[in-house]
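Shown next, in structure tokens, is the structure this report addresses.
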Amino acid sequence: MNGLIMDYPLTTNTILNYAKSAFPDKKLISHLPNGTRHEYTYGALERRCCQLANALKNKLGITKGDMIGTFAWNHYQHVELYYGIPGIGAICHTINIRLSSQQTEFIINHSEDKVIFVDATLVPLLEKIAPKLETVEKYIIINAHDGFTTSLLNTIHYEKLIEDQLDTIQWPKLNENDACGMCYTSGTTGMPKGVLYSHRSTYLHAMTILSPNAGNYSNDDIILLIVPQFHVMAWGFPYMCLLTGSDMVMPSLHLQPEAIIRILELEKVNKANGVPSIWMGVYEELKKNPPKKKLALEEYLVGGSALTASLVENFEKDFGIKGVQAWGMTETSPLGTASRLQKKHKDLTLKEQLKIRAKQGIEFPGIEMRVVGDNGQIAPRDGRTMGELQVKGAWVIKSYFKTNNRDNFTDDGWFRTGDVSTIDADGYMEITDRTKDLIKSGGEWISSVALESALMAHPNIKEAAVIAVPDKKWAERPLATIVLTDINKPISKEELKKYLSKDFANYQIPDYYVTISQVPKTSVGKFDKKEIRKLYAEGKLKQ
Ligand code: AMP
């Protein structure tokens, strides 16, 4: 028997309409790429989203299911795209601006973006690959400065696109399972893979992350969104803030520690998100130049890489600012767990509490997790037994975009994260290692396999194995071990860097190169990364 409750689709339109009704005066503040500050209300945001949606339909001929790319910083126009595009049933595909040209080209062609909204400061990155983009019909330029010119064909300026459009709309009836957004995630081998979010998953994720055991946000908060909108929908914060009525502050490209601190001070921000390298940078800058007045910042939510107990401890001790660790993936929308202390932990020592807070935490309602050992058995929740972390839930991927590859999925319907972890008796998960052959540097992925293939294509390199080495600022950096074909023809670090720069973005190129006589192998002849890490990851033999 069905329940007798209305069928009310959970769509992004309902979020926008809710904010218009409940929080029309709350603010969206943007520090734009040209350094100017822009502010308007959620009421104005809603009206401009309607204008944008009308323009998409009337001027660009966008219809349901069309893929629309965004290549932009965090700012109000990008938030408008987060609502205007899915509002009419099209899909907001946020493209990571930090990838190599080769990967960007692949992603745009693979997703079949029809239109791309691009920040003027980022246009040069697209100009390089534009002739190879097969499906893009138009580029909409955001934040174009006076005298802006481009070699891109078929461009319109964002304001021109929406200025003559009605600021009301009858949003179409959408199914909550319709696709709403898309992000690509780095593949260990081959090219990135697309993760297609639905309206329902986006809505449920946003509702969950605002809750007390997660981010704990309300209309009292002023939140700085440091996580880029081109990274897993800025962790869903642009949707969540409209549900809570929190003011939203957007930094665009002002991501250096000094700039972040200036924005924190100016906007009296009390909560923020970001990867650990950002918060490490902010902490160090605050130590160097302590603020004259105590910051309003109370709490920062960290994910993407491990938040260390020492950073949590020092930030809190020196500045009274609390770090909360969360874990997630592009495939999990992204947030799946957070590590907050519970009532039962109150009487523990500070050290014991820090140990818990440095774990990745308990799962949110709507997410299930388990650890599966090499023997295929579910590991006991003893905080010791390690295995692969597997998850399922209402905002977890069930299949990648346009591929039937099931390597990441178990037969009984779980997603294999590629993270190695334990779960303790209290249900706190802790990441201990990673099975995927990737390096995460400052929140961005680097594929060891791609670097190895490129290095081994060098005429004087027989074998190359790339591993992550710990790095205080970036969490990890790549180190390449190479075996020369002819030992009498050594290759300098500079040469190797130049050689790799053809195919890789700057941050992806290893800082360290070690020439070895042979790469250690496993019994089946694969590169033994564990052994290589043991030998080199301590940095002892870095060159
Ligand atoms: P991405 O899909 O780029 O968001 O990356 C997801 C991956 O980042 C996870 O599978 C983990 O390997 C890593 N990750 C995310 N959050 C954390 C965290 N809090 N601690 C350690 N690793 C993390």
Side-chain angles (χ1 to χ4, degrees), residues 94-99 103 107 181-188 192-197 205 209 214-215 226-237 273-280 300-312 323-340 356-364 367 369 371 386-391 395-397 400-401 408 414-423 428-448 468 470-471 474-476 507-508:
T94 56
I95 306 161
N96 187 344
I97 63 161
R98 302 237 160 85
L99 300 178
Q103 285 174 319
I107 284 173
M182 177 143 89
C183 296
Y184 277 74
T185 179
S186 301
T188 33
K193 296 177 281 185
V195 182
L196 195 56
Y197 307 113
H205 176 265
I209 61 171
I226 296 179
V227 172
Q229 287 189 259
F230 54 78
H231 260 182
V232 212
M233 318 306 281
W235 295 358
F237 276 50
N273 64 13
V275 293
S277 51
I278 289 275
W279 292 106
M280 175 61 96
Y300 58 96
L301 187 75
V302 164
S305 293
L307 171 65
T308 59
S310 61
L311 187 62
V312 175
V324 176
Q325 166 133 244
W327 167 91
M329 306 178 67
T330 308
E331 289 90 335
T332 63
S333 296
L335 298 177
T337 73
S339 199
R340 286 186 184 277
I356 298 171
R357 291 172 59 194
K359 294 192 176 195
Q360 278 66 22
I362 56 170
E363 71 275 52
F364 299 140
I367 296 285
M369 58 182 187
V371 167
M386 283 188 264
E388 183 182 46
L389 176 69
Q390 300 182 352
V391 293
W395 47 94
V396 176
I397 188 170
Y400 288 103
F401 183 59
N408 293 90
W414 292 72
F415 173 70
R416 305 179 55 188
T417 64
D419 286 327
V420 177
S421 72
T422 60
I423 301 178
Y428 285 69
M429 182 269 288
E430 182 173 20
I431 307 261
T432 54
D433 200 356
R434 186 188 292 147
T435 54
K436 42 197 174 197
D437 213 351
L438 289 166
I439 295 155
K440 202 158 199 197
S441 183
E444 298 285 348
W445 287 116
I446 302 170
S447 165
S448 338
D471 185 273
W474 303 112
E476 292 177 2
Y507 75 89
Q508 297 173 321

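Whatever order the structure lists them in is the order used to number ligands and atoms, beginning at 1. Hydrogens, waters and symmetry mates are skipped; everything else that's a heavy atom, side chains included, is used.
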- Item | Tyr400 six-ring centre to Lys193 NZ/CZ under 6.0 Å and within 45° of normal | yes
- Query: Identify the closest protein heavy atom to atom 19 (N) of ligand 1: which residue and atom is it, and at what distance?
  - Reply: Ala326 O, 2.7 Å
- Query: Counting heavy atoms only, which of Gly328, Pro276, Gly304 is nearest atom 13 (C) of ligand 1?
  - Reply: Gly304
- Hey, does Asn273 have a side-chain heavy atom less than 4.5 Å from the side chain of Phe237? yes
- Has the side chain of Ser305 got a donor or acceptor atom that lies under 3.5 Å from a matching backbone atom of Ala475? no
- Within-cut-off N or O pair, Gly303 and ligand 1, under 3.5 Å: no
- Message: Would the distance check show the side chain of Lys436 and the main-chain N or O of Thr417 forming a donor-acceptor pair, the cut-off being under 3.5 Å?
- Response: yes
- Message: Has Ser421 got a side-chain atom pairing as donor or acceptor with Met429's backbone, closer than 3.5 angstrom?
- Response: no
- Item | Side-chain donor/acceptor of Thr432 to backbone N/O of Val420, under 3.5 Å | yes
- What residue and atom, counting heavy atoms only, is the protein's closest point to atom 5 (O) of ligand 1, and at what distance? Lys440 NZ, 3.0 Å
- Say whether His231 and ligand 1 are in contact under the criterion: heavy-atom distance to a ligand atom below 4.0 Å. no
- Protein residue, atom and distance nearest to atom 22 (N) of ligand 1, heavy-atom basis: Ser305 CA, 3.8 Å
- Who's the nearest protein heavy-atom neighbour of atom 4 (O) of ligand 1, and how far? Thr330 N, 3.6 Å
- Would you confirm whether Ser339, through its side chain, and Gln360, through its main-chain N or O, come within 3.5 Å as a donor-acceptor pair? no
- Query: For ligand 1, which atoms sit closer than 4.0 Å to a heavy atom of Gln325?
  - Reply: 18 (C), 19 (N), 20 (N)
- What do you reckon, does Pro334 put a non-hydrogen atom under 4.0 Å from ligand 1? no
- Task: Please check if the side chain of Gln325 supplies one atom and the backbone of Ala358 the other of a donor-acceptor pair under 3.5 Å.
- Result: yes
- Message: Can you report which non-hydrogen protein atom sits closest to atom 7 (C) of ligand 1, along with the distance?
- Response: Trp445 CZ2, 3.3 Å
- Using distance alone, determine whether Ala306 and ligand 1 share an N or O pair under 3.5 Å. yes
- Message: With a 4.5 Å cut-off on side-chain heavy atoms, are Tyr184 and Gln103 touching?
- Response: no
- Message: Looking only at distances, can you tell me whether any N or O atom of Asp419, backbone or side chain, sits closer than 3.5 Å to an N or O atom of ligand 1?
- Response: yes
- Indicate the ring-plane relationship of Trp395 and His205, choosing parallel, tilted or perpendicular according to the 30° and 60° boundaries. perpendicular
- Val302-ligand 1 polar pair, N/O distance under 3.5 Å: no
- Numbered atoms of ligand 1 (with element) below 4.0 Å of Met329, judged on heavy atoms: 2 (O), 4 (O), 6 (C), 9 (C), 10 (O)
- Message: Does only the side chain of Gln360 get under 4.0 Å from ligand 1, or the backbone, or both, or neither? Count heavy atoms.
- Response: side chain
